[in-house]
Amino acid sequence: MKHGTLTTDNHAALWHGRFKEGPDAAAVEFETSIYVDERMAEDDIKGSLAHAKMLGAQGIISKAECDKIIKGLNSILKDLQSGKLAIDYSAEDIHSFIEATLTDRIGEPGKKIHTGRSRNDQIALDERLYLKRVIPELQAKIVKLIDVLSDIASKHTKTLMPGFTHMQHAQPVTLAQHMCAWAWSLVRDCERLSDAIKRIDYSPLGSGALAGSGLPLNREMVAKELGFKGVTQNSLDSVSDRDYCIEFTSCFSMLQMHLSRFSEEIVLWATTEFGFVDLSEKWSTGSSIMPQKKNPDFAELIRGRTGKVYGQLTSLLTMMKGLPLSYDRDMQEDKEPLFNAFDTVSSCLTVFTYMLESAKWNTKVMEEGCEGGYLNATDVADYLVRKGMPFRTAHGVSAKAVRIAIDNGVKLEDLCMEEFKMCSELIDEDIYDFITPRACVEVRKTTGGPSSEKVKQQITQLKKFVKNCAPKSTEKK
Ligand code: ARG
């Protein structure tokens, strides 16, 4: 690791003037954050551009100085993007690096960029700009997964499968209903992120180190230039608020929890015992010793990485819990957990989507799964309710029929009319049509129910969400 080799005065720590001695190399290495905050270089420059324009417009710096700063910052942005300019990791943080590089390039006017600004309000701004930039990319990935799920659902509105509660056979549903169920949780994840974005849409710049500025800054102008809805309302709060780091990491945790639960199902469904799904060879792994193996490692890794994401949330909450107002250096530790949680959930989303898109659904096995387990017992009760019997009594009658079937080792629909009549005189021949797995599904026409008619309505709504709410992704992938 390169550190502590400050070559020119411009590259010395921004605060070195008060000190007789330079910092110990180990101290520099310990406190640096550039390895983590370098990903906000673009946001830092954009913030500085807006700040410089405002300083110029307010007459705090001259027009000529303002123009030079803007030109300098734009050249840094361009050179960083093209790879012509490399980050100097001996800088304390990304703010120091950009300020030093600016002064290297344009000389004295560069030293005016930090007028009326502190790294305390600068970092709070950078984080907000960064999140506003990357969250729509994450949302685009969520929307893509919802799209894939609704495509699978469209193909399987009639594919029967057993529905479970307590991991026991419960009532028949369809693969479409199951896929839509996960899609709705992802819709909420996407909306939750949009809600959180609304709360960070205020610029903290101009809050200074903690107490604003005595210079005639125009905070509203900076906010407008950067596309914020407005400015934050209290300078102390502006530099000490990290709620957004916690809020977004909490959103990431919930999203990751959904992927983890879904992954658990995929792992189960890929077992020989279930056999509902065949994962593609591209998204499976083998064993170094057992030649026959095809393992669902990607689903397992997604499930496994969930602990990491939750851990980042705990890190952030714990890091903040004892901090008095306003800025404390502890807060530098906010970025690693936030970025790590973001990166983890983002890559898990990509991989999960590929894995699901390329999977094959064993519809025959699913449909056969509806045969055993007395999934239609509720429908025997509902049949009697339709004939006027109180539900509680009907539940008992159906239970009696299940008991007889279990004792004879047969399915409910295998009972003869005589056996049904022993349970209730109200049961007639039409019971057989009423309790086939298909009938059990198709009769469930309540809104949100699994009948093919109702599932199609869900799919239409999900597709509408994909079409309307798909945020514009700037990511090239
Ligand atoms: N690197 C710091 C952070 O990420 C920002 C700089 C504020 N540093 C300071 N010594 N006041 O929070």
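Each ligand, and each atom within it, is numbered from 1 in the order the structure gives.
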Could Lys144 and Asp147 be called an ion pair, given the rule that one side-chain N must be under 4.0 Å from one carboxylate O?
no
So that I can tick it off, tell me whether Glu108 and Lys111 are bridged by a salt bridge, with the cut-off set at under 4.0 angstrom between side-chain N and carboxylate O.
yes
Any idea which residues sit under 4.0 Å from ligand 1, heavy-atom distances?
Ser33, Asp93, Arg119, Asn120, Ile123, Tyr327, Arg329, Gln332, Lys335
Donor-acceptor pairs are to be reported for all side-chain atoms of residues 157-173 against protein atoms at under 3.5 Å, with residues two or more places apart or in another chain.
residue, atom, partner, partner atom, Å
Thr159, OG1, His156, ND1, 2.7
His169, ND1, Gly372, O, 3.2
Gln171, NE2, Thr378, OG1, 3.0

Would you kindly check if the NZ (Lys) or CZ (Arg) of Lys282 is within the cone defined by 45 degrees around the ring axis of Phe298 and under 6.0 Å from the six-membered ring centre?
no
Summary of salt bridge (charged side-chain N to carboxylate O under 4.0 Å, His left out) pairs that have at least one residue in residues 261-276, sequence neighbours excluded:
Glu264-Arg303
List the residues meeting side chain to side chain contact (heavy atoms under 4.5 Å, CB included) with Asp330, not counting sequence neighbours, and say none if there are none.
Met319, Leu323, Asp328
